[in-house]
Amino acid sequence: MTMNVTHNYSQFYKGSEPLKSYGSGGEGLMVPKDTLVKYEFNTTDEHGNKIMAPLSREEALRVMKEVSGQYGDNVLISFSGDGLQALARDLQDQIQKGDWKLSEQRKADQARKQELMEQSIVHLENTHRLIIPNIQTNARLYDSLESAPEEVVKAANGIIKNYLMPHDVSGMTEEQRRDAIAFGLEEARYLARNYLDEQQGADFLSAMETIARYGMNGTVSENGRVTYRIERGPVLGAPEDYVSQSDILKDKAPDLYRELQDLNRGIGQGEIGWGRRFIELHQRIERRLNGYSGTEYQGKRLTFYEEAAYEYRSWKKAMDETALPNAYSDVDYRDMNCFFGSLKFQGSLGESWMAEARQRFAKWLEGL
């Protein structure tokens, strides 16, 4: 059964933000875009309840045409959600069927266009699937576990929450906290070697090691609560200097952020007559964020956009250069008994802690 789409698409509207630069002027070139508007068509809500059926290819094309028709040439529309996957599959089939007619260069160009199209159509932005605030790391983690058994996914999440990035380490010394992170990495290596293929395992460990670095940089309060500074980072497919306009607004211009939230809420509720306000607000946002931020770097006065990009690069460099803990050696990953037997007399966590960790790990992998 397909969805009977109405002409009111406000329920699928997910907000808008100015584009720093997109496209260029001149004959034969892409028309410049200064605003990104996002729509998301998912078949279930954040609790897994069904809210719509998938769109057929014809329905998806009609929806995209009707939504795009509401905006001017300067607006870039982003469509996402699993409800549009039929269209992405159809586009992929068309390209694969036509590959034999294309030159190698045309194949490469077509493949890149296909990749960008799929990102805009079926890029999943389901916030209930977000475990790690950094978009790139979170995507790497989910991609590596895409076809893994459910118990492995459960174990991976448990490792993150209990060892790599716990929010409560009361009663532990700093050495024990770091050894717990090292232990979590050993459990991740156990999963990679015993449950994932070679490429999946490498990608999974890359994500988990990055998460461990976030954990190493956590700040512990006097009562044992841990806070983590994790930057959101660029969206998938975006350049490294991409910054989220809404994040900057929230931090640097809360008045405009609240105004934008009110506007988005009104549009989402079906409010009419918002077009002029939409354009005027985004123009004010662009003027503010392209203004001087008060920060200078190498003699240059940075805009708010440039300041945010500089801060992200500095944060990422600090994370990348963080050394991973190394409390365990000669670990045996053949099976559960060998694994915990080889860890037993290493580190500062003690036998009772290790026994509880073993029971926890076994329950995750048994699917209990």
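Predicted model only: the values in this text are computed from it and were never measured.
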Visitor: Tell me if a side-chain donor or acceptor on Asn138 pairs with a main-chain N or O of Ile132 at a distance below 3.5 Å.
Guide: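 Here the side-chain-to-backbone pair exists.
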Visitor: Is Gln346 close to Ser329 at the side-chain level, that is, under 4.5 Å between some pair of heavy atoms?
Guide: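 Contact flag for Ser329/Gln346 side chains = yes.
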Visitor: Given the rule in the side-chain contact (heavy atoms from CB on, under 4.5 Å) test, do Met172 and Leu349 qualify, once you have shown the distances and angles that lead to the verdict?
Guide: CA-CA 9 Å; Met172 299 181 77; Leu349 295 167; 3.8 Å; yes
Visitor: Side chains of Arg360 and Lys363, heavy atoms from C-beta outward: is any pair under 4.5 Å?
Guide: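 Heavy-atom side-chain distance check fails, nothing below 4.5 Å.
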Visitor: Checking side chain to side chain contact (heavy atoms under 4.5 Å, CB included) between Leu185 and each of Leu205, Leu164, Ile159, Ile211, which is the one that passes?
Guide: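 Exactly one option meets the side chain to side chain contact (heavy atoms under 4.5 Å, CB included) with Leu185, and it is Leu164.
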Visitor: Give every residue pair that meets the ring pair (Phe, Tyr, Trp, His ring centres under 6.0 Å) criterion with at least one member in residues 179-216, sequence neighbours excluded.
Guide: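 Residue pairs with at least one partner in residues 179-216: Tyr163-Phe183, Phe183-Trp353, Tyr190-Phe339, Tyr190-Phe361, Tyr214-Trp315.
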Visitor: For the pair Asp251 (side chain) and Asp247 (backbone), establish whether a donor and an acceptor sit closer than 3.5 Å, ignoring hydrogens and angles.
Guide: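 Side chain of Asp251 to backbone of Asp247: no pair is present.
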Visitor: Are the side chains of Met165 and Ile230 in touch, meaning some heavy atoms are under 4.5 Å apart?
Guide: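 In contact.
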Visitor: Do Tyr305 and Tyr297 land in one hydrophobic cluster if side-chain heavy atoms of ILVMFWY residues count as linked below 4.5 Å?
Guide: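 Unlinked, Tyr305 and Tyr297 end up in two clusters.
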Visitor: Roughly how far, to the nearest 0.5 Å, is CG of Leu324 from CD1 of Ile181?
Guide: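 Separation between the atoms: 9.5 Å.
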Visitor: What's the spacing between His282 NE2 and Leu263 CG if we round to 0.5 Å?
Guide: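 If we round to the nearest 0.5 Å, His282:NE2 and Leu263:CG are 7.0 Å apart.
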Visitor: Run the salt-bridge test on Lys317 and Glu321 with the 4.0 Å N-O cut-off and return the result as yes or no.
Guide: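 Salt bridge flag = yes for Glu321 with Lys317.
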Visitor: Can you tell me how far apart CD (Glu209) and CG (Asp320) are? Round to the nearest 0.5 Å.
Guide: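 Between atom CD of Glu209 and atom CG of Asp320 there are 12.0 Å.
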Visitor: Side-chain contact test, heavy atoms from C-beta onward, threshold under 4.5 Å: evaluate it for Arg225 versus Asp168 and give yes or no.
Guide: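 Contact flag for Arg225/Asp168 side chains = yes.
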Visitor: Determine, step by step, whether Glu311 and Thr295 satisfy the side-chain contact (heavy atoms from CB on, under 4.5 Å) criterion, reporting the C-alpha distance in whole Å, the side-chain angles of both residues, the deciding distance to 0.1 Å, and the verdict.
Guide: CA-CA 11 Å; Glu311 289 177 350; Thr295 298; 5.5 Å; no
Visitor: Write down the atom of Glu151, the atom of Trp364, and the distance for their closest heavy-atom approach.
Guide: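 Closest approach of Glu151 to Trp364: CB-O, 3.3 Å.
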Visitor: Short question: side chain of Arg358, backbone of Phe340 - any donor-acceptor pair under 3.5 Å?
Guide: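 Not a single qualifying donor-acceptor pair exists.
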Visitor: Could you state the interatomic distance from CE (Met216) to CE (Met319), rounded to the nearest 0.5 Å?
Guide: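 It comes to 10.5 Å.
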Visitor: Under the 3.5 angstrom rule, does the side chain of Ser342 hit a backbone N or O of Cys338 as a donor-acceptor pair?
Guide: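 Looks like yes, one N/O pair under 3.5 Å.
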Visitor: Of the non-hydrogen atoms in Gln200 and Ser147, which two are nearest, and what is the gap between them?
Guide: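 Heavy-atom minimum between the residues: NE2-OG, 3.0 Å.
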Visitor: Is the closest side-chain heavy-atom distance between Lys252 and Tyr257 below 4.5 Å?
Guide: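 Side-chain contact under 4.5 Å: no.
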Visitor: In terms of hydrophobic clusters joined by side-chain contacts under 4.5 Å, are Leu196 and Val331 together?
Guide: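 In one cluster with Leu196: Val331, yes.
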Visitor: Are Gln136 and Thr210 linked by a side-chain donor-acceptor pair shorter than 3.5 Å?
Guide: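 Short answer, no.
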Visitor: Side chain of Arg177, backbone of Gly215: donor and acceptor closer than 3.5 Å?
Guide: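 A pair under 3.5 Å: yes.
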Visitor: Would you call Glu280 and Arg277 a salt bridge, taking side-chain N to carboxylate O under 4.0 Å as the test?
Guide: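 Between Arg277 and Glu280 there is no salt bridge, as every charged N stays at least 4.0 Å from the carboxylate O atoms.
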Visitor: Closest heavy-atom contact between Gly233 and Ile135?
Guide: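 Smallest interatomic distance, heavy atoms only, reads O-CD1, 4.1 Å.
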Visitor: Look only at the side chain of Arg178 and the backbone of Pro325, and say whether a donor-acceptor pair between them is shorter than 3.5 Å.
Guide: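 Checked: no pair found.
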Visitor: Mind checking the CD-CG spacing from Gln199 to Asp143? Nearest 0.5 Å is all I need.
Guide: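 Those atoms lie 11.0 Å apart.
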Visitor: Could you point out which residue of Ile248, Asp255, Thr303 forms a side chain to side chain contact (heavy atoms under 4.5 Å, CB included) with Arg288?
Guide: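 Exactly one candidate clears the test, Asp255.
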Visitor: Kindly work out whether a path of hydrophobic side-chain contacts (I/L/V/M/F/W/Y, heavy atoms less than 4.5 Å apart) joins Tyr292 to Leu289.
Guide: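 Different clusters: Tyr292 never reaches Leu289 through Ile, Leu, Val, Met, Phe, Trp or Tyr contacts under 4.5 Å.
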Visitor: Inspect the contact between Arg189 and Glu186 and indicate whether a charged nitrogen and a carboxylate oxygen are less than 4.0 angstrom apart.
Guide: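 Salt bridge flag = yes for Arg189 with Glu186.
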Visitor: Can you give me the closest heavy-atom contact between Ser170 and Asn223, atom names plus distance?
Guide: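 So the minimum-distance heavy-atom pair works out to CB-O, 3.6 Å.
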Visitor: Quick one: closest heavy-atom pair of Leu145 and Ala156, and the distance?
Guide: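 It is CD1-CB, 3.8 Å.
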Visitor: With a 3.5 Å distance limit and no angle check, can you tell me whether Asn194 reaches the backbone of Tyr333 through a side-chain donor-acceptor pair?
Guide: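 Answer holds: yes.
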Visitor: Show the nearest heavy-atom pair for residues Glu187 and Ala357, with the distance to one decimal.
Guide: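 Heavy-atom minimum between the residues: OE2-O, 4.1 Å.
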Visitor: Between the main-chain N or O of Asp203 and the side-chain N or O of Ser144, is there a donor-acceptor pair closer than 3.5 Å?
Guide: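 Answer holds: no.
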Visitor: Can you tell me how far CZ of Arg140 sits from OG of Ser206, rounded to the nearest 0.5 angstrom?
Guide: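 Going from the OG atom of Ser206 to the CZ atom of Arg140 covers 4.0 Å.
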Visitor: Are the side chain of Asp179 and the backbone N or O of Ser348 linked by a donor-acceptor pair below 3.5 Å?
Guide: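 Here the side-chain-to-backbone pair exists.
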Visitor: In terms of hydrophobic clustering (I, L, V, M, F, W, Y; side-chain heavy atoms under 4.5 Å; direct or indirect links), are Tyr312 and Tyr310 co-clustered?
Guide: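 Shared cluster, no.
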Visitor: Counting only N and O atoms by type, is there a donor-acceptor contact under 3.5 Å from the side chain of Glu296 to the main-chain atoms of Arg301?
Guide: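 No.
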